[in-house]
Amino acid sequence: MSVSLHEIRYMPKYWSKRFKPAELVDEFFHYGFNITKEVRRTTRNELDIPYDFGKRTKYDIYGTNLPKDAPLMVFLHGGYWKESSKDVSGYAVPSFVAQGIRVIVAGYDLCPDVTLTEIVRQVKVLASKVLEQAHSWGSKCVWFVGHSAGAHLFSCLLNDRAWFELNSGLRPEHLALLRGVVLVSGLYEIEPVLRTSNQETLKLTKEEVSNFSFCPHDESEEVDQDTLDYAQHIKIILVAADSESPAFIEDSRRYARRLIKLIDRVEFLLVRDNYDHFNVVEDLTKNDYVLTRLIINNIESTKNWSKAEKKSCN
């Protein structure tokens, strides 16, 4: 059966130069399983900490032997909101823990067992719980890193004024720790997904498409300059890979252009040298990888901000 051009544009597995589509996905999960198994063996950790009531709403902490005030990076996996897990997503652990950065790798329930609306709610609970935990440790700063669907889910968090205005019970001193969000290879306008085979599993509604899309294709639309005024203390880094679908690359570019109108600190990185949707995060295992260095350098630049500077951001 032939695959439509639209389907190909929104299926990352068709764009890699390393493997055939089916082989690529198998290799990605195989690599993720092996690296996660290894870091669990070699890195001090605490696994399967529940943050909500779902089957998969748990997270793992790596670097539990680091000083309590160590910076914290939270990684949220992709999988088109319907597959993958924290148990195959330990790529960043060795490089970041080696630099004195504690790492949390989190999971969430998947479609069709739950709706996208429920997954978004879970991620907001996760973020609140993690920031509260980081504050209790005395962490110097917190950065959120999301890949693919995980990037989209963290963008849902960024666009929720109620969450930032502490309606979730989050306290100002908790929120002040959040210094940056890294969005890797995400989709931020999800209407096109309705016309792919993934919709059979996702069952996205028109309301969800409206609520959880953040960069309309029509860029002439006027932008309310106060839309993200509550998040001015956060740096946002958008990342795409040069060998992934042009649809994904353009989504990241378009969202970056929109955010630049709203946030003081926005950066866009296109990872070159034939990186695709998958090894763009796989290579976070490498200390000298451009994205590893970018995230670590940004965490280092914010970890020593004074309490007075943090307070001024609230």
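Values below: all heavy atoms of this structure, side chains included; hydrogens, waters and symmetry mates excluded. Counting from 1, the numbers follow the sequence of the chain as shown.
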Taking side chain as C-beta onward, heavy atoms only, is [X] less than 4.5 Å from [Y]?
X	Y	value
Val74	Val142	yes
Ser128	Trp163	yes
Val105	Tyr91	no
Arg195	Pro192	yes
Lys13	Phe19	no
His77	Val281	no
Ile234	Ile263	no
Ile295	Leu284	yes

Between the side chains of [X] and [Y], does any donor sit under 3.5 Å from an acceptor?
X	Y	result
Ser95	Asn287	yes
Thr285	Tyr31	yes
Glu191	Ser213	no

Donor-acceptor check, side chain of [X] to backbone of [Y], threshold 3.5 angstrom: yes or no?
X	Y	answer
Ser245	Tyr10	no
Asp109	Arg56	yes
Arg258	Phe214	yes
Arg179	Ala176	yes
Ser210	Lys206	no
Lys129	Tyr51	yes
Glu27	Ala22	no
Glu208	Thr205	yes
Thr292	Asp288	no
Lys82	Gly79	no

Pairing of Arg257 and Glu250 as salt bridge, 4.0 angstrom limit: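 Yes, charged N to carboxylate O under 4.0 Å.
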Ion pair Lys235/Glu267, N-O distance below 4.0 Å: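 Judged by the 4.0 Å cut-off on N to carboxylate O distance, Lys235 and Glu267 do form a salt bridge.
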Rounded to the nearest 0.5 Å, how far apart are [atom1] of [X] and [atom2] of [Y]?
X	Y	atom1	atom2	result
Ile249	Leu238	CD1	CG	13.0 Å
Leu47	Ile49	CG	CD1	8.0 Å
Ile104	Asn45	CD1	CG	12.0 Å
Arg44	Asn65	CZ	CG	5.0 Å
Leu153	Gln122	CG	CD	9.5 Å
Leu126	Tyr108	CG	OH	11.0 Å

Check against salt bridge (charged side-chain N to carboxylate O under 4.0 Å, His left out), Arg121 and Asp52: CA-CA 10 Å; Arg121 184 198 68 80; Asp52 202 45; 2.5 Å; yes
Closest non-hydrogen atom pair, [X] against [Y]:
X	Y	value
Gly100	Ala70	O-CB, 3.4 Å
Trp143	Ile237	CZ3-CD1, 4.0 Å
Met73	Ala92	CE-CB, 3.4 Å
Val97	Leu66	O-CD2, 4.2 Å
Ser139	Arg102	OG-NH1, 4.4 Å
Glu244	Ala240	OE2-CA, 3.5 Å

Stepwise side chain to side chain contact (heavy atoms under 4.5 Å, CB included) check, Asp251 with Cys215: CA-CA 7 Å; Asp251 241 51; Cys215 62; 4.0 Å; yes
Aromatic ring pairing Phe164/His233, orientation class (parallel under 30°, perpendicular over 60°, tilted between):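 Ring orientation, 0 to 90° scale: perpendicular.
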Set of residues satisfying side-chain contact (heavy atoms from CB on, under 4.5 Å) with respect to [X], sequence neighbours excluded:
X	result
Gln199	Leu194, Leu202, Leu204
Thr36	Arg40, Tyr62
Asp48	Lys58, Asp60, Lys86

Test salt bridge (charged side-chain N to carboxylate O under 4.0 Å, His left out) applied to Arg18 and Glu282, step by step: CA-CA 13 Å; Arg18 298 181 297 141; Glu282 288 176 349; 3.6 Å; yes
Quick check: are there more than 12 heavy atoms from other residues, nucleotides or ligands sitting under 6.0 Å from [atom1] of [X]?
X	atom1	answer
Phe33	CZ	no
Asp273	CG	no
Glu207	CD	no
His30	NE2	no

Test log, rule side chain to side chain contact (heavy atoms under 4.5 Å, CB included), inputs Phe29 and Ser84: CA-CA 8 Å; Phe29 287 126; Ser84 195; 3.5 Å; yes
Side chain to side chain contact (heavy atoms under 4.5 Å, CB included) evaluation trace for Phe144 with Leu76: CA-CA 8 Å; Phe144 292 161; Leu76 196 63; over 6 Å; no
Selection residues 254-297 - residue pairs positive for ring-ring contact (aromatic ring centres under 6.0 Å, His included), sequence neighbours left out: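 Those involving residues 254-297 are Phe28-Phe278, His147-His277, Tyr188-Tyr255, Phe248-His277, Tyr275-Tyr289.
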Counterpart residues, ring-ring contact (aromatic ring centres under 6.0 Å, His included), relative to Trp81 (two or more places apart):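 Result, ring-ring contact (aromatic ring centres under 6.0 Å, His included) vs Trp81: His152.
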Show me, pair by pair, the donor-acceptor contacts under 3.5 angstrom made by side chains of residues 131-138, not counting sequence neighbours?
unit_1	atom_1	unit_2	atom_2	d
Gln133	NE2	Ser136	OG	2.9
Ser136	OG	Gln133	O	2.6

Full working for side chain to side chain contact (heavy atoms under 4.5 Å, CB included) between Asp276 and Lys17: CA-CA 8 Å; Asp276 57 48; Lys17 296 179 181 179; over 6 Å; no
